[in-house]
Undergrad: 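Can you read through this structure? Questions will come right after.
Because the structure is predicted, anything quoted here is derived from the model rather than measured. Chain A is the first sequence line, chain B the second, and so forth, proteins listed ahead of strands; every chain is numbered from 1.
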Number of protein chains: 2
Amino acid sequence: MPARSTRHVTILEVAREARASKTSVSRYFGDERERLSRELQGRIASAAKRLGYRPNQMARSLKGGHSRLIGMLVADIRNPFSVAVMHGVEQACRASGYSLLACNTDNDPAQESAHLSVLASYRVEGLVINATGSPHGALQAVIDRGTPLVLLDREVDRVDADVVGLDNPRAIDMALEHLAERGYRELLYITEPPEEASSRQRRMARFQTRLDDFGLTGESLCLPLTGGTGIPHDAIAAFLNRPGAAPKALLCANGKITLAVTRTLQALGVRLGETGLMGIDELDWCELVAPGITTLAQPTEAIGRAAVECLMQRRETQRHPSPPRHIHYQPVLIPRGSTQR
Amino acid sequence: MPARSTRHVTILEVAREARASKTSVSRYFGDERERLSRELQGRIASAAKRLGYRPNQMARSLKGGHSRLIGMLVADIRNPFSVAVMHGVEQACRASGYSLLACNTDNDPAQESAHLSVLASYRVEGLVINATGSPHGALQAVIDRGTPLVLLDREVDRVDADVVGLDNPRAIDMALEHLAERGYRELLYITEPPEEASSRQRRMARFQTRLDDFGLTGESLCLPLTGGTGIPHDAIAAFLNRPGAAPKALLCANGKITLAVTRTLQALGVRLGETGLMGIDELDWCELVAPGITTLAQPTEAIGRAAVECLMQRRETQRHPSPPRHIHYQPVLIPRGSTQR
DNA sequence: TTGTAAGCGTTATCAA
DNA sequence: TTGATAACGCTTACAA
């Protein structure tokens with residue numbers, strides 16, 4: 001049992017209790033135990049334990065400039081994809097002795113700026129950012145200040161930082177290949193507003209570009225899901241009811257779209273498979289909605305870990321800055337009944 | 001544009017630039033602007049802006065003891081319920097000027113202790129804890145140290161802290177009432193290991209106690225979902241195949257169980273509705289799995305906000321500690337086809 | 001191997 | 001209304 005139960009124990013109290021100097025105690029809890037005699041180590045260890053001592057990170061940070069904190073900005077914490085990546089980030093941080101200060105921006109640039117400012121005030125040593133769309137200068141300011149920064153999934157104009165995410169062109173190619181192979185000919189690509197995220201732009205552009213190569217025709221539909229406003233059933237119904245015998249399929253740009261579209265298709269009484277349905281992002285329930293929804297899974301944990309690795313690398317080589325790295329992961333195709341005619 | 005792009009600006013530099021003292025600048029950024037002349041305020045404001053000054057929270061915390069940090073321990077960050085609560089917690093924290101240091105324990109007591117210790121080292125001013133099962137003394141130690149603490153969903157033996165969560169007995173009563181009303185007679189209650197969480201115990205105990213009152217029979221099944229090991233289809237199949245004409249229904253103790261059980265039922269080719277299915281926790285996909293899965297939704301955001309309110313209240317009345325509060329929220333029944341015979 | 005002393009950037013106490 | 005100055009708890013030269 002610790003002797004004193006209220007308030008925090010300081011290094012000085014431990015030093016007194018162990019009949020040693022603050023310096024020695026500091027060395028013990030820093031990485032310099034080997035410099036202390038066995039005996040002194042023992043005294044300090046037991047004194048610290050007796051008193052229940054934990055070094056004050058705030059003081060450490062103030063003196064040494066090492067907050068041991070990594071900041072993360074998540075655009076939408078209720079998106080399972082974001083959470084999965086965040087899980088990877090947190091694991092990796094902890095493995096490197098860092099704690100994660102994660103903030104949710106709800107896709108709101110104002111919250112993004114506010115959080116960025118808070119994170120700076122805690123002197124985070126690195127930032128992992130799943131940015132909202134708006135290209136404000138706060139990000140570049142962070143970099144200029146010398147804080148390593150990694151962009152997740154979304155690049156930001158005129159911010160030269162490392163970027164980690166999905167290989168978007170490849171993902172689209174895989175989707176088109178799969179749909180063509182399964183015999184679908186007319187596609188509808190459904191996305192959230194592309195302005196808001198570079199990954200959305202990449203995917204949509206690639207979709208338009210490569211249709212021909214796979215002998216497909218197609219068009220895009222933009223769904224602003226933000227407000228609680230319903231999904232425009234009409235646009236989707238119009239596509240499905242268009243005359244012609246060519247098999248039709250829907251391609252959803254991300255998990256949120258897949259959810260909204262699946263709801264719509266059920267409301268419209270569409271039979272999956274006959275009408276193809278495929279989505280980027282794997283979700284818990286995709287195998288449950290009969291006959292199963294085909295997806296392209298992102299390696300979320302790997303993405304999270306890679307982001308932290310970039311950070312750590314920059315931290316070590318801060319003197320010799322290297323050009324921004326772009327790391328793109330391959331998706332994994334999970335074929336299910338929704339693309340089986 | 002800030003003049004100096006590298007490193008952080010200190011209060012001293014602002015003071016010089018504004019031809020003022022550190023004290024005045026400190027007052028400006030503290031809550032004492034009114035004590036400064038209009039003119040000095042102006043000089044400081046513009047100097048700070050010019051230099052891009054942000055107060056160093058670490059230094060502030062060291063001096064005043066106010067880290068403006070709230071810590072949160074989440075047992076399973078990939079559980080949508082936990083994330084939804086966390087969202088509420090974060091909103092509430094921000095509204096009160098606090099930042100949230102959220103840690104995921106993956107239901108591992110060792111990680112829980114480790115994180116607790118880290119959070120303490122950052123001198124968090126309050127803790128919101130969704131505890132793992134193990135009743136280790138670290139929690140009580142936190143309280144003794146004077147840090148306000150709120151338990152989420154799960155109580156912990158011999159830790160007298162505020163508790164916020166679902167009204168578990170009421171939830172079970174609502175489920176039983178609904179199932180009885182819909183004509184089901186034989187129930188199987190499926191839960192994760194109750195030892196790990198008080199809420200699981202409460203629910204299961206209530207289930208056993210109240211069956212009779214609703215004219216039902218039933219039993220419980222414990223599913224350890226932790227390992228990647230599959231779900232015991234056999235136990236569920238055995239229940240369903242038991243002879244007798246009494247309509248059967250499954251009641252799932254939480255969202256994770258609902259997911260696992262739904263998978264199992266699909267594998268077994270069970271028709272939902274004919275066999276009843278109901279779960280505690282509302283999930284995105286419950287309306288999508290035909291004919292829709294009936295759930296009891298928890299008011300997650302409210303729970304998160306209430307937790308932070310408890311914290312703030314304790315912080316204000318720290319001199320006069322009051323007995324622990326227990327706040328229990330009513331669930332909301334969302335009836336769907338899975339309980340429609 | 002151990003200790004002394006000078007800060008890190010801020011706020012609180014006192015005085016002007 | 002303003003400003004020196006001494007902490008806060010820790011790390012890090014520099015001495016011994």
Undergrad: By the 4.0 Å heavy-atom rule, please label B/F29 as base, sugar-phosphate, or nothing.
TA: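 No contact at all - B/F29 keeps every heavy atom at 4.0 Å or more from the nucleic acid.
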Undergrad: Within the pair A/S37 and C/dT2, is there a side-chain N or O less than 4.0 Å away from OP1 or OP2?
TA: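 Yes, A/S37 has a side-chain N/O under 4.0 Å of OP1/OP2 on C/dT2.
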Undergrad: Calculate the interatomic distance between B/Y28 atom OH and D/dT2 atom P; express it in whole Å.
TA: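 Distance check: B/Y28 OH to D/dT2 P gives 13 Å.
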Undergrad: Decide yes or no for B/V74 and B/C103: does some side-chain heavy atom of the first lie under 4.5 Å from some side-chain heavy atom of the second?
TA: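 No. Closest side-chain heavy atoms not under 4.5 Å.
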Undergrad: From the options C/dG3, C/dT13, D/dC10, select the nucleotide whose nearest atom is closest to the side chain of A/R27.
TA: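 Selected nucleotide: C/dG3.
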Undergrad: Please check the phosphate of D/dG3 (OP1 and OP2 only) for any side-chain N or O of B/S24 closer than 4.0 Å.
TA: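 Yes, within the criterion.
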Undergrad: Is there, by distance only and without an angle test, a donor paired with an acceptor across the side chain of B/S26 and the base of C/dA12 below 3.5 Å?
TA: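 Check fails, no donor-acceptor contact within cut-off.
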Undergrad: Could you walk me through whether B/R35 and B/E32 pass the salt bridge (Lys or Arg N to Asp or Glu O under 4.0 Å) check?
TA: CA-CA 6 Å; B/R35 289 186 51 181; B/E32 314 180 76; 3.3 Å; yes
Undergrad: Would you indicate whether the side-chain heavy atoms of A/D106 and B/H87 approach each other to under 4.5 Å?
TA: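 Counting from C-beta outward, B/H87 and A/D106 do come under 4.5 Å.
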Undergrad: What is the distance, rounded to the nearest whole Å, between atom CD of B/E13 and atom P of C/dC8?
TA: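 Rounding to the nearest Å, CD of B/E13 and P of C/dC8 are 11 Å apart.
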Undergrad: Whole angstrom is fine here: how far is it from CG in A/L12 over to C1' in D/dA7?
TA: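 One finds 13 Å between C1' of D/dA7 and CG of A/L12, rounded.
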Undergrad: Within the modelled atom types, does a donor on one side and an acceptor on the other bring the side chain of A/R123 and the base of C/dG9 under 3.5 Å apart?
TA: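 No, no donor-acceptor pair under 3.5 Å.
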Undergrad: Measuring to OP1 and OP2 of C/dT11, would you say a side-chain N or O of B/R60 lies under 4.0 angstrom away?
TA: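 Result: yes.
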Undergrad: On DNA chain C, compare the nucleotides closest to A/E34 and B/P55; which residue's is nearer the 5' end?
TA: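 Mapping each residue to its closest nucleotide by heavy atoms, the 5'-most match is A/E34.
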Undergrad: Quickly work out the B/H66 NE2 to C/dG9 P distance and round it to whole Å.
TA: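 Atom-to-atom, B/H66 to C/dG9, this comes out as 21 Å.
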Undergrad: Using only heavy-atom distances, decide whether a donor-acceptor pair under 3.5 angstrom links the side-chain of B/R35 to the base of D/dT2.
TA: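 Yes, the side chain and the base share a sub-3.5 Å donor-acceptor pair.
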Undergrad: Nearest whole Å is fine: how far is D/dG9 P from A/M58 CE?
TA: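 Checked: the CE to P distance equals 13 Å.
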Undergrad: Could you tell me if A/N56 and A/H8 have a donor-acceptor pair between their side chains, going purely by distance under 3.5 Å?
TA: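 No, because no side-chain N or O of A/H8 sits under 3.5 Å from a partner of the opposite role on A/N56.
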Undergrad: Establish, from distance only, whether the side-chain atoms of B/T132 and B/N107 form a donor-acceptor pair under 3.5 Å.
TA: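 There is no such pair between these side chains.
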Undergrad: Tell me: CD1 of B/I11 to P of C/dT10, nearest whole Å?
TA: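 Atom CD1 in B/I11 sits about 5 Å away from atom P in C/dT10.
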Undergrad: Could you tell me whether the side chain of B/K63 has a donor or acceptor atom within less than 3.5 Å of a complementary atom in the base of C/dA12?
TA: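 By the distance-only test, no, there is no pair.
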Undergrad: Measure CG/B/L62 against P/C/dA12 and give the value in whole Å, please.
TA: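 These atoms are roughly 12 Å apart.
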Undergrad: Of the candidate nucleotides D/dT2, D/dG9, D/dG3, which contains the atom at the shortest distance from the side chain of A/N56?
TA: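 Of the candidates, D/dG9 comes closest.
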Undergrad: Quick one: does B/T10 reach the base of C/dT10 with a side-chain donor-acceptor pair under 3.5 Å?
TA: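 Not at all, since no donor on one side and acceptor on the other fall under 3.5 Å apart.
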Undergrad: Any luck finding a side-chain donor-acceptor pair between A/S117 and B/R54 under 3.5 Å?
TA: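 There is such a pair (donor and acceptor under 3.5 Å, judged by atom type) between the side chains of A/S117 and B/R54.
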Undergrad: Do B/R54 and C/dG9 share a donor-acceptor pair, side chain to base, under 3.5 Å?
TA: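 It does not, because no donor-acceptor pair links the side chain of B/R54 to the base of C/dG9 below 3.5 Å.
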Undergrad: What is the distance, rounded to the nearest whole Å, between atom CD of A/E32 and atom P of C/dT2?
TA: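 In whole Å, C/dT2 P and A/E32 CD are 13 Å from each other.
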Undergrad: Please determine, for the side chain of A/T23, which listed nucleotide (C/dC14, C/dT4, D/dC10) has the closest atom?
TA: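 Selected nucleotide: C/dT4.
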Undergrad: Using a distance-only criterion (donor-acceptor N/O pair, under 3.5 Å, no hydrogens), is the base of C/dT10 paired with the side chain of B/K22?
TA: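 For B/K22, whose side chain was compared with the base of C/dT10, there is a donor-acceptor pair (under 3.5 Å).
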